[in-house]
Amino acid sequence: MVDLSYLETLNAEQREAVFHSGSPLLILAGAGSGKTRVITTKIAYLVDALGIPARSILAVTFTNKAAREMYERALQLSPRTEGVMIKTFHSFGVWLLRLYGERLGLARDFAIYDDEDARALLSSILDGSQRRHLSRYAWAISRAKDYALGPEDDLSSILEDDDFPELYARYEDRLRDTGNVDFGDLILLPLRLLKEHEDVRRKVHAAFRVVMVDEYQDSNVAQFFLLRELYGPETYLCVVGDEDQSIYRFRGAEVRNILDFPDAFEGTHIVRLETNYRSTETILRAASGVIAHNEGRLGKTLRPIRQGGDVIRILSFPSAEEEAAYWARFLREEGWEDVAVLYRAHYQSRLLELALAREGVPYRVVGSLRFYEREEVKDLLAFLRLVLNPRDEVSFLRVINKPPRGIGAKSQKAIISHARGTGSTLVEVLREGVVPGKAGASMVEFARFLDHIGERLSRMDLASWMEDLLKESGLWDYYQGFDDYTARQKLENLQELLALARSYPGGRDGLLAFLEYVALEGSLDRGSGDGVVLITMHNTKGLEFSKVIITGLEEGVFPSWAASSPEDIEEERRLFYVALTRAKDGLFLSWAQTRNIRGRRSFQQASRFLREIPPECLSPSYEEEEEEDFPVGSRIYHDDYGYGMVVERRHNGNLLVVKVRFETGYTCEFLPSYTPLERIRHE
DNA sequence: AAGGCAGGAGTTACA
DNA sequence: CTCCTGCCTT
């Protein structure tokens with residue numbers, strides 16, 4: 001008999017979500033409501049109780065980490081779930097394209113260009129004046145693909161620019177010439193495949209009777225279209241998400257996907273998971289109070305399991321330096337176990353790192369520069385891709401003159417245009433040495449090197465072969481020439497890449513598998529070692545900590561200066577909501593009155609979001625600051641400026657600001673909590 | 001072709 | 001302030 005005891009731990013709403021079958025299901029899962037448990041239990045239940053074969057269940061996530069975690073947890077519940085296909089949207093796309101990509105004229109061993117590669121490709125087709133807008137165009141192409149818009153579609157909603165449609169078209173042509181794909185294609189090409197090839201669609205529909213999507217609020221339009229194609233007449237569809245935690249609009253996520261899900265899929269049943277197991281009542285009330293200011297919601301009311309809880313503290317500091325120093329001291333004294341310090345942007349981590357180092361508090365910064373985005377890693381990978389695909393222009397340009405071997409911009413242009421003109425591969429052109437003199441000789445030599453190393457690929461294991469390549473290409477010596485610290489870092493990173501390659505076999509197949517692994521999940525999750533976690537609010541999605549400290553709660557920092565439209569502000573507010581709901585036991589918020597921004601001392605105002613927290617959640621001690629009051633008209637004395645009168649009184653966040661006109665005629669604003677102002681009560 | 005210097009720009013992030 | 005790009009010099 002099958003053991004279904006895992007169902008007993010579920011609450012009523014979770015059961016409803018697990019037992020539901022038939023029509024499409026939308027699970028609105030509030031923060032900390034046991035979402036992953038529901039999905040994994042549902043998978044186990046489908047297999048154990050309904051007898052659905054594990055391999056005919058497809059579950060789609062947005063990160064590899066989430067996919068792995070889901071697979072493992074499902075397996076823990078029931079060993080029969082082994083073989084369930086849990087993939088990211090992108091790795092599912094790759095899987096499908098490797099199987100049927102030939103129908104679209106795609107080679108079986110295509111490589112995947114990341115954002116930087118795509119940018120390099122785009123750069124090669126822009127003229128001088130257009131190159132100034134490289135970032136803008138690269139961004140626009142990426143967004144256009146998120147919205148499933150091709151060069152021939154109306155692109156005015158993406159970028160109002162007369163050149164853009166043509167540039168986009170040329171980019172697509174060049175990309176097809178290289179035989180490779182970018183990340184957007186990993187959604188768009190499978191979409192096209194399913195749309196245009198009836199037989200493929202039928203096979204896929206037959207293969208997956210159940211399709212589930214996690215974090216559905218993060219999906220973009222192209223992914224929605226893909227999901228619609230995956231949804232066949234017999235498919236059971238179940239998506240899980242939380243519109244209040246949609247924080248990736250800037251990368252194409254479309255909240256409307258989840259808001260309009262019931263309209264897009266007829267007969268949708270909605271289940272709300274509103275019981276929160278994570279945070280104290282106080283924290284939850286604060287978060288709910290904040291998110292209630294948003295309009296575009298389906299609406300949920302989170303109910304805490306944990307009543308009461310510590311009040312939330314808001315602290316203000318004269319400077320960002322003092323803010324950092326305070327939290328460093330705080331962590332040293334109170335401990336840093338299961339504590340995270342959150343901020344809006346990476347640049348804010350620097351001051352914190354400095355202060356923590358000074359106090360001797362161990363810390364780790366989460367996800368600033370990702371492993372596979374590092375120069376040396378990308379260089380070696382470019383070599384690998386070039387060996388695999390001698391038409392790969394992007395990889396070619398990256399390594400042709402690295403280290404410098406006398407083949408400069410002019411020769412590079414000549415090689416590319418010759419290859420394009422004759423239809424030869426780039427390596428074939430190199431072999432012919434189409435340029436006279438030194439550069440030509442150097443090209444022939446480089447081609448010979450590529451041939452030699454290529455021949456050895458099938459005779460060695462991958463890691464040793466890569467090591468040879470590294471040494472013989474001159475890359476290894478090249479990095480050794482950097483300053484000590486940088487050189488050590490770079491060589492260490494390369495060693496790490498080699499270590500990663502050791503688990504792969506040699507030959508083209510091994511190389512292809514390795515490259516695919518690196519492209520799709522090359523982000524090494526380095527050390528979950530101890531120490532306080534420094535992390536952007538975006539990166540905390542899905543995590544939880546006992547205590548959460550949110551810093552830099554200032555206008556211009558958070559909400560960001562770049563957030564202008566009401567939609568932007570709502571998105572920032574959702575981000576704040578995500579940040580607040582990470583905390584299990586304690587929540588600490590802080591802001592600084594001055595901060596260096598772009599090398600300039602900037603005077604900051606408290607974030608509007610602080611005012612949106614219901615006052616009853618806040619520490620009363622905070623309001624004490626207002627006790628020493630300075631009503632308009634009161635007389636004051638300042639050590640430097642002398643006697644004066646308060647002419648204006650307002651609040652910046654929860655902090656009192658007074659404007660004083662002195663007897664000298666000079667007018668100045670002060671923050672009485674930080675500036676020693678003496679009130680003169682009797683003349 | 002390659003290295004040095006001046007000028008401009010500068011969120012958040014997944015595959 | 002820092003990083004990157006582009007232009008200028010050698």
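Residue numbering restarts at 1 for every chain, and letters A, B, ... go by the order of the sequence lines. Just so it is clear, the structure is predicted and the values come from calculations on it, not from any experiment.
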Partners passing side-chain hydrogen bond (donor to acceptor under 3.5 Å, both in side chains) against Asp161(A) (at least two apart in sequence or in another chain)
Tyr137(A)

Distance check needed: dA15(B) P versus Leu515(A) CG, whole Å only.
17 Å

Are the side chains of Ile39(A) and Met212(A) in touch, meaning some heavy atoms are under 4.5 Å apart?
yes

For nucleotides 1-8 of chain C, give me every protein contact, N/O to N/O, under 3.5 Å, one pair per line with atom names.
unit_1 : atom_1 : unit_2    : atom_2 : d
dC1(C) : N4     : Arg598(A) : O      : 3.3

Testing dA15(B), dC14(B), dT12(B) for proximity to the side chain of Asn539(A), the answer is dC14(B)

Would you indicate which nucleotide in dC14(B), dA15(B), dT12(B) comes nearest to any side-chain atom of Thr88(A)?
dA15(B)

Rounded interatomic separation in angstrom, taking CD1 from Ile535(A) and P from dC14(B)
10 Å

Partners of Thr88(A) by side chain to side chain contact (heavy atoms under 4.5 Å, CB included), sequence neighbours excluded?
Thr61(A), Asn64(A), His90(A), Ser91(A)

For Ser142(A), which residues count as a side-chain hydrogen bond (donor to acceptor under 3.5 Å, both in side chains) partner, sequence neighbours excluded?
none

Go through the structure and list residues passing side chain to side chain contact (heavy atoms under 4.5 Å, CB included) with Ala287(A), not counting sequence neighbours.
Tyr577(A), Leu580(A), Thr581(A)

Separation of dG8(B) atom P from Leu134(A) atom CG, nearest Å, is 19 Å

Verify the contact: side-chain N or O of Asn220(A) to OP1 or OP2 of dA15(B), cut-off strictly under 4.0 Å; return yes or no.
no

Could you check whether Ala562(A) gets within reach of a base, just the sugar-phosphate, or nothing at all, counting any heavy atom under 4.0 Å?
base

May I have the distance from Trp561(A) (atom CH2) to dT12(B) (atom P), rounded to whole angstrom?
10 Å

With a 4.0 Å cut-off on heavy atoms, is Tyr248(A) in touch with a base, just the backbone sugar-phosphate, or nothing at all?
sugar-phosphate

Closest to the side chain of Glu572(A), out of dT11(B), dC14(B), dA13(B), is dT11(B)

If you look at every strand shown and take non-hydrogen atoms under 4.0 Å, does Phe183(A) touch a base, only sugar-phosphate, or nothing?
base

If the test is salt bridge (charged side-chain N to carboxylate O under 4.0 Å, His left out), which one of Asp117(A), Asp109(A), Asp114(A) qualifies with Arg385(A)?
Asp117(A)

Are Arg249(A) and Glu254(A) close enough for a salt bridge, meaning some N to O gap below 4.0 Å?
no

Under 4.0 Å from OP1 or OP2 of dC14(B): is there any side-chain N or O of Asn64(A) that close?
no

Rounded to whole Å, the CG-P distance (Asp218(A) to dT12(B)) equals 18 Å

Can you measure Tyr343(A) atom OH to dT12(B) atom P for me and round it to whole angstrom units?
10 Å

Just to confirm, is there a sub-4.0 Å distance from OP1 or OP2 of dT11(B) to any side-chain nitrogen or oxygen of Thr536(A)?
no

Which residues pass the side chain to side chain contact (heavy atoms under 4.5 Å, CB included) test with Arg143(A), not counting sequence neighbours?
Trp139(A), Asp146(A), Ile158(A), Arg251(A)

Euclidean distance, atom CZ of residue Arg249(A) to atom C1' of dT11(B) [Å, nearest integer]:
14 Å

Identify all pairs in which a protein N or O lies below 3.5 Å from an N or O of nucleotides 1-4 of chain B, and state each distance.
unit_1 : atom_1 : unit_2    : atom_2 : d
dA1(B) : OP1    : Gly408(A) : N      : 2.7
dA1(B) : OP1    : Ser411(A) : OG     : 3.1
dA2(B) : OP1    : Gly406(A) : N      : 3.3
dA2(B) : OP2    : Asn401(A) : ND2    : 2.7

Please collect all salt bridge (charged side-chain N to carboxylate O under 4.0 Å, His left out) contacts where either partner lies in residues 181-190 of chain A, sequence neighbours excluded, each pair once.
Lys145(A)-Asp182(A), Lys145(A)-Asp185(A), Arg176(A)-Asp185(A)

Using the closest heavy atom to pick a nucleotide of DNA chain B for each, name whichever of Arg251(A) or Ser560(A) lands nearer the 5' end.
Ser560(A)

Any His538(A) side-chain nitrogen or oxygen under 4.0 Å from OP1 or OP2 of dC14(B):
no

Please identify each residue that fulfils side-chain hydrogen bond (donor to acceptor under 3.5 Å, both in side chains) with Asp379(A), with sequence neighbours left out.
Arg398(A), Lys402(A), Tyr479(A)

Please state how far atom CZ in Phe89(A) lies from atom C1' in dC14(B), giving the value in whole angstrom units.
12 Å

